[in-house]
Amino acid sequence: MSMNRREFIKITGLSTLFGLAGKGAFELLRPGVLDAAEHGHGHGAPAPEEPAEAAIRWGMTIDVEKCSEPGVVERCIKACHSVHNVPDFGDTKNQVKWLWEDDYEHTFAGNENEFMADHVKALPFLCLCNHCDEPPCVRVCPTKATFRRPDGIVAMDYHRCIGCRFCMAACPYGSRSFNWFDPRDALNQKEYNMEFPTRMRGVVEKCNFCVERLAKGQMPACVEAAPQALAFGNLADPDSNVRQILRKRSSMRRKLELGSKPSVFYLV
Amino acid sequence: MGVKVSLGVSLGAVLAIVAVALVGGGVASLQPVFGIIVPYAAFVIFLVGFVYRVVDWGRSPVPYRIPTTCGQQKSLPWIKHDKIENPSSTLGVIGRMILEVFAFRSLFRHTKAEMASGNIVYGASKWIWLGALVFHYSFLVIAVRHLRLFLEPVPFLINGLDLVDGMFQIGAPTLYLTDLLLIGALSYLLARRLIVPKMRYISLANDYFPLFLILGIGISGVLMRFFIRVDIVSVKELTMGLATLHPVMPEGIGAIFFVHVALVSTLFAYFPFSKLMHAGGVFLSPGRNLSNTSRAKMHVNPWEYPVKIHPYEEYENEFREKMKNAGIPVERE
Amino acid sequence: MYDAWKILVGLAIFLGLFTFAFWMNAGKAAPVPEVKIDTPEIKKMPEPERKCVEDKHFMRTTHMQLINHWRDQALRDGDREYVNKKGEKYVISLQNTCIKCHSNKKEFCDKCHDYAGVSPYCWDCHIVPPEEPKEEPKGNEL
Amino acid sequence: MAKNPKYYESLNIDYKPPRGNWMDRPIDIKSGIYCYPARPQVLKSVGMNDRSDWGKYWVIEDEDWELPDDWKERFLAKMRDMLDKYRTFKIYMDICVRCGACADKCHYFLGSGDPMNMPVMRAELLRSIYRGEFTKTGKMLGRLVGARKLTKKALRQLWYYMFQCSECRRCSTFCPYGIDTAEITIMGREIMNELGMNIAWIQESVSKCIHTGNHLGLQPQAYKECVEAMLMDIEDNVGIIIEPTFNRKGAEILFVTPSGDVFADPGIFTLAGYLMLFEHLGLDYTWSTYASEGGDFGYFTANEMAKRMNGKIYAEAKRLGVKWILGGECGHMWRVLNQYMTTWHGPIDFLEEPVSPITGTKFENAKAHKMVHIMEFTADLIKNNKLKLDPSRNDHLKVTYHDSCNPSRGMGLFEEPRYVIKSVCNHFYEMPENTIREQTYCCGSGSGLNASENMELRLRGGFPRQNALRYVRDKYGVNMLACICAIDRAALPPAAQYWNPDVGVTGVTELVANALIMEGEGPRTHNIRGFEIATWEPEP
């Protein structure tokens, strides 16, 4: 555990303070230092801020028609929510959701295909965090609790979340939920997934593309639950499964006009 | 003996204490000296010295009732009396003292006067008030927080204070706000003495020394919490030993702990002999703790003695003829 | 002494405040907590393998910083492998590495934390393993 | 008289102190700043610690101040005695943290830039001796802890700066511990008084007062003449004939005012104001030639001397058999009356609790003391509609009010004079808030420093007040500065002449008398000063 500059800053909590006070101020005082410190750190991975050709960009394809098969959507949602200890408060107002079902009009509100086939309009759409390439939620987070990993996953550090909900306002897809109550009140203690933590009251949460499973070489829980409908892979690799699928099938992405570059593709 | 000497001596003294503690704390056989004997001795010096100083002040009476009046006196019933700034009752005095002790009321009045193109201009200047207030309150919270090492079980309120102080939950162990504030405020108070020419002129080594000392206490504490870790359970074993009067010296406590303790002990022992006695003095200062009622009630001076007042008889004897000529009545024709 | 009554009351308050801890502790012993490492998971291990990721002294003084560092390493950098001073590798996970062995929070974590007045917020999110009912302390054992 | 600094020179004040330790600086005793020393024979005449046993006259410029061989022992014995007698002294020596809150609050510092005039340094002069001679740490560590031994140099320095403090207490308002530098100065002066080291201006006044009853040394017939001199003016300008009484037994009220009011312009117009007001009310009162001084220059020498001088007032009240005492407009007179008088002489059971014979108001705040301030008295009259007033007679005046420092910070008399002024003047403007009420400035000449040889000090010390005055003069056209202190009325005119040449100085009671519609008065075309009201331009 050698102590480099970034760690020093982190341990004393100054990085957060600088985050709050504006990194710009620090830049003014010591131009380049911060960048150098951040770039100098790490395990070979470039810092998240760095725009560079990444080797990995995780993405997902959702075959909408296959999702309409009975039980698929429910199975996916249950798999996701139970593995991540997502609470169910039973009402939409306080709902916490990582993966959920919505209809065509809501999913593509504002840029519906003008004369979309009727049967498509009637299909259920699985919604989740789009793990955007240009995530607006990351830009607004004052504590950097939300950040974009080098592999394209938009991740959250719940320890840092202060519950300001700027990210919820910034996300165009409604992918984020706020814990108005202690989530453990709405979870069955006997059904806890002991390998994954819960959240606490006052923080925002969302889909994490199952980073903890990817680390163990597993597929995301939803993909595992419905392999016929969902596919997951590296969008940066032209030969990956998802790229091959996308080469063959026509797809849609949500709210492309916003320029956030979602990584979830709906196959229609 | 200029600023450099004062600064050098003060800083040198603090560094010397650090050095002695580092060396001594590193030697196992000396650890009981630095961990037990020195703290006990310093604490006793503090208590006895403090009480002695206050009692010594008490041995001198307050012969006259002369508080500074910073507001309207109590006079005619229709004139609004300033009960706090010019108290006429014990209650008013208590109010004034509470404001003074807990909010540094008088320091809050602080303005700065400067010359600008031939005129004196006055500016609000609350920084010294803020710096002093932040320093004192941070120090208080830090001191109270340390009770977790001297009480078992740790009272709910102390744990609560700990949580509030670490409420930003930055890092682990969590960063205390008061640690930042204390060191920030002390740095301000020190910088002010060094940078402002007037302050530099009036500052003595015994102004710099306590600043360096408390700064040293703060820095060694922060180092111990975040950088040069010590086993807190062993530390509490030691501190509980002190607090239960059954001192024990656990093994394996790092030297940084002894540095911290040595500096704190120095502060305790230094306190009664220094300007830090303002902590007791502020309560006893007759400039603020008296009511302005000497016209309504007689204040008795224990050593008052009669004096020779030029008697009227002598006066009349000397000027009788002149008085009679001027038509001024006299006692004896 | 003049105003003796007022001054003595003030001094009594002063002495009371500063010797508060002595009075509170009078006649009490404050035994140092002993942590238990007799969880089923640890018992399963053969004696020589019963060791934590780092040595005991390091863990006692610095575990919180290690965990904090782990958090950032795993969560922010996606690096879930910890190499200790001896070069041994461990998976970085509070839930799956630390608590797997130390499944007795009450007897292991809380003992010292309560003693030292430390209230870590780990358990706000991380799940405390259910402890076997017979290990629950029965009332006050004073 | 010392050469006064030119206006622009005075403005060239640098508040930045020199480098280095103050203890190393040579003492530069400047003429124009200090007052002449007291003469041994004057001290002797009042039985004070005279210098007759070593006898030499004392020349300020000399390095050697003709001190007795045992001067150190005398000084330190007196200091020990004072420390044992005054808790204030001990605490104020011990608890200063040198926070610097007082540094730029002193009018002498603001007017001179001399760093030793920062109140904290003035106190350090004595505090350093306290540390070096009375504390163990000071004896051991010496200069390191700001301690020094009592030397002739230290004594000279102490004397020089203790007589550059007018004991106005402005600094103590800002001190977080209420350390009252005025008290430290009082202690310092009293200790040095033990060596006969006082100043002529104070000591001559003390001597005269002990002898004749007033600082000016007016013998009874002269005092009476001075008062009566105003009667003709009043007759001319108001058309009223007044016949005041002196030393009259059986009067209800004894009136005591500083003798400055009977002698010098513009105080005499305040005196005329008293006469007219009391005549109008038909007050049963008397003047006294024996207790013909409210002020107390003894206060600037030693506690005992202050008490000796002040004692005449009660002695005279007792002799004449009055019911209570009314006090005129004066500064340190009222500080002494308020803070010391009852303790010195009390309990005062030969007088009655003061009740206004006109309104029946009981002055409960003076229950034990039995003495009422003229502003309290007049404010009560106006509030109860007992005075017919025509404030338009003061319409040619744009008035501002100088809170005289002693009644402000030694008493808290803020609203009464304002109420009175606003009732008798239509044009009243406050000076900036940092310069009034509890933050008011001294006139620059208080505590016996209104001699003429120290005019530079007085003008420099008067600068902050005059600077504030100039602000309202320029902004509102203020042309009259009202005050309730005789030293103000003596000291503000020369300072105003220097800094604000077109602003006059007046006592508040003069304004009252000018506005007062008296029964049987003639046509009021002229004010008390004898100027035609319509065309009058105030002269300083």
Relative to chain C, which of [options] shows the most heavy atom pairs under 4.5 Å?
options                        : result
B/L151, B/I232, B/L245         : B/L151
B/R145, B/M240, B/R148, B/H246 : B/R148
B/V233, B/T244, B/N159, B/I158 : B/V233
B/F46, B/F150, B/W57           : B/F46

So for atom [atom1], which belongs to [X], do other residues, nucleotides or ligands contribute more than 12 heavy atoms lying within a distance under 6.0 Å?
X      : atom1 : result
B/Y52  : OH    : no
B/L91  : CG    : no
B/L140 : CG    : yes

### B/D231 with C/K56: basic N within carboxylate O range, under 4.0 Å
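No, no charged N to carboxylate O under 4.0 Å.
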### Query
Charged N to carboxylate O below 4.0 Å: is that the case for B/R53 and B/D56?
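No salt bridge links B/R53 with B/D56.
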For [X], is it the side chain, the backbone, both, or neither that has a heavy atom closer than 4.5 Å to a heavy atom of chain C?
X      : value
B/V230 : backbone
B/F283 : neither
B/T239 : neither
B/V235 : neither
B/F156 : neither
B/L284 : side chain
B/L163 : side chain
B/P302 : side chain

### Query
Is there a side-chain contact (heavy atoms from CB on, under 4.5 Å) between B/F168 and B/T174 once you walk through the steps?
CA-CA 8 Å; B/F168 281 2; B/T174 48; over 6 Å; no
Whether [X] side chain and [Y] backbone form a donor-acceptor pair below 3.5 Å:
X      : Y      : answer
C/T62  : C/M59  : no
B/H260 : B/L223 : no
C/D72  : C/R76  : no
C/R50  : C/K43  : yes

### Query
How are the rings of C/F108 and C/H102 set to each other: parallel, tilted or perpendicular (split at 30° and 60°)?
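Taking C/H102 first and then C/F108, their aromatic rings lie parallel (interplane angle under 30°).
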### Message
Are there residues of residues 111-120 of chain C whose heavy atoms fall under 4.5 Å of chain B's heavy atoms? If so, which?
### Response
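Heavy-atom contacts from residues 111-120 of chain C to chain B are C/C112, C/D114, C/Y115, C/A116, C/G117, C/V118, C/S119.
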### Task
Report, by ascending residue number, the residues of residues 5-21 of chain C in heavy-atom contact with chain B at a distance under 4.5 Å; give 'none' if the set is empty.
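Result: C/I7, C/L11, C/F14, C/L15, C/F18, C/T19, C/F20, C/A21.
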### Message
What I want to check is whether the side chains of C/N104 and C/T39 have a donor and an acceptor closer together than 3.5 Å.
### Response
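Side-chain D/A pair, C/N104 to C/T39: absent.
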### Task
Compute whether any side-chain donor of one residue and acceptor of the other, for C/Y82 and C/E54, lie under 3.5 angstrom apart.
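Yes, side-chain donor-acceptor contact under 3.5 Å.
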### Which atom of C/P129 lies closest to which atom of C/S103, heavy atoms considered
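Heavy atoms only, the tightest pair is CG-O, 3.7 Å.
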### Query
To the nearest 0.5 Å, what is the distance between CD1 (B/I142) and CG (B/D165)?
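With rounding to 0.5 Å, CD1 (B/I142) is 7.0 Å from CG (B/D165).
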For [X], which atoms come within 4.5 Å of any heavy atom of chain B: side chain, backbone, both, or neither?
X     : value
C/F22 : both
C/P31 : neither
C/H63 : neither

### Sequence-distant partners of C/E81, side chain to side chain contact (heavy atoms under 4.5 Å, CB included), two or more places apart
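By the side chain to side chain contact (heavy atoms under 4.5 Å, CB included) rule, C/E81 matches C/D79, C/V83, C/K89.
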#### Entry: Qualifying residues under side chain to side chain donor-acceptor pair (under 3.5 Å), relative to B/R96, sequence neighbours excluded
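With sequence neighbours excluded, B/R96 shows a side chain to side chain donor-acceptor pair (under 3.5 Å) to no residue whatsoever.
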